[in-house]
Amino acid sequence: MTDTLPHLSLNETRVLGTLVEKQRTVPDTYPLSLNALAAGCNQKTSRQPVLELGEAEILQALDGLKDAGLAVEVSGSRVVRFEHRLEKVLGVPSQASALLTVLMLRGPQTAGELRLNCERLHRFADISSVEAFLEELAGKALVVELPRLPGSRENRWSHLLSGQPAVEATTASGTRAGNQEIDELKNRVSALESEVGELRAQLAELRAELGG
């Protein structure tokens, strides 16, 4: 079936990836309503790039996924809900769909990064098992190993659901992602330092009161 699978847009991969992710992480709210799907698509964490999709854009992406058989609308509820058919259409097991999902949501990654970022979707025993499923997906032309970046020790992998990735684009996005992570870490450190300072001040006041 992958031979006839159309190339998906960024919005379509974001919607599809979100459906698979939320099925695993919040099964009680799956299938997803349009509002829940929008919140998942536009969340600021675990997404690269971060998007701000409107309702019309999400519905358009859903139409494309429905045409490809990758998503369906579920009846039986007052609220319209949607679910994916990724594993059935692509003919892949849940372990492989977890890898595809993280690649759709977070962009190109190494096998080690994929193992870590897939933790909530599927817990891989080791990197070797991740690599085995990546090789299987590569054999189905669903993922590709990218050229190694300067200074990197591991190659990254990218999904092929949107066609062959541009090396220059993935390199730039990887750099932006790295810079963003560094900025986030700096912000966390600053916040922690501020909290520690406040706690020290409170402790000093408490000691002064007890001493007095």
Enquirer: Which residues pass the ring pair (Phe, Tyr, Trp, His ring centres under 6.0 Å) test with His122, not counting sequence neighbours?
Expert: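 Once residues adjacent in sequence are excluded, the partners of His122 under the ring pair (Phe, Tyr, Trp, His ring centres under 6.0 Å) criterion are Phe124.
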Enquirer: Do Leu37 and Leu19 touch side chain to side chain, with heavy atoms closer than 4.5 Å?
Expert: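 In contact.
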Enquirer: Between Glu73 and Arg81, does any side-chain N to carboxylate O distance fall below 4.0 Å?
Expert: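 Looking at Arg81 together with Glu73, the answer is no, because their closest N to O distance does not fall below 4.0 Å.
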Enquirer: Let me see the working for Leu100 and Val143 under side chain to side chain contact (heavy atoms under 4.5 Å, CB included), right down to the final yes or no.
Expert: CA-CA 8 Å; Leu100 282 173; Val143 301; 3.7 Å; yes
Enquirer: Between Arg85 and Leu70, does the side chain to side chain contact (heavy atoms under 4.5 Å, CB included) criterion hold? Intermediate values first, please.
Expert: CA-CA 5 Å; Arg85 291 288 187 269; Leu70 289 165; 5.5 Å; no
Enquirer: Would you check if Val92 and Leu86 make a side-chain contact, meaning some heavy-atom pair closer than 4.5 Å?
Expert: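 They are in side-chain contact.
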Enquirer: Would you mind reporting whether Glu136 and Pro93 have side-chain heavy atoms less than 4.5 Å apart?
Expert: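 A side-chain contact under 4.5 Å exists here.
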Enquirer: Tell me the side chain to side chain donor-acceptor pair (under 3.5 Å) pairs involving residues 146-155, sequence neighbours left out?
Expert: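 Counting only pairs at least two positions apart or across chains, the side chain to side chain donor-acceptor pair (under 3.5 Å) contacts touching residues 146-155 are Glu145-Asn155, Arg148-Asn155.
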Enquirer: Can you see whether Ser97 engages Arg24 through a side-chain donor-acceptor pair at a distance of less than 3.5 angstrom?
Expert: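 Yes - a donor-acceptor pair under 3.5 Å links their side chains.
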Enquirer: Is it true that Leu105 and Ile58 fall in one hydrophobic cluster, defined by side-chain heavy atoms closer than 4.5 Å?
Expert: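 In one cluster: no.
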Enquirer: Checking Thr13 against His159 for the side chain to side chain contact (heavy atoms under 4.5 Å, CB included) test, could you report, in this order, the C-alpha distance in whole Å, the side-chain angles of both residues, the deciding distance, and whether it holds?
Expert: CA-CA 10 Å; Thr13 58; His159 72 82; 3.9 Å; yes
Enquirer: Give the intermediate values and the outcome of side chain to side chain contact (heavy atoms under 4.5 Å, CB included) for residues Asn117 and Arg106.
Expert: CA-CA 9 Å; Asn117 293 330; Arg106 303 181 72 143; 3.4 Å; yes
Enquirer: Considering only NZ, NE, NH1 and NH2 on the basic side and carboxylate oxygens on the acidic side, decide whether Lys44 and Glu52 come within less than 4.0 Å.
Expert: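 Yes.
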Enquirer: Under 3.5 Å, is there a donor-acceptor pair between the side chain of Arg14 and the main chain of Val50?
Expert: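 Not a single qualifying donor-acceptor pair exists.
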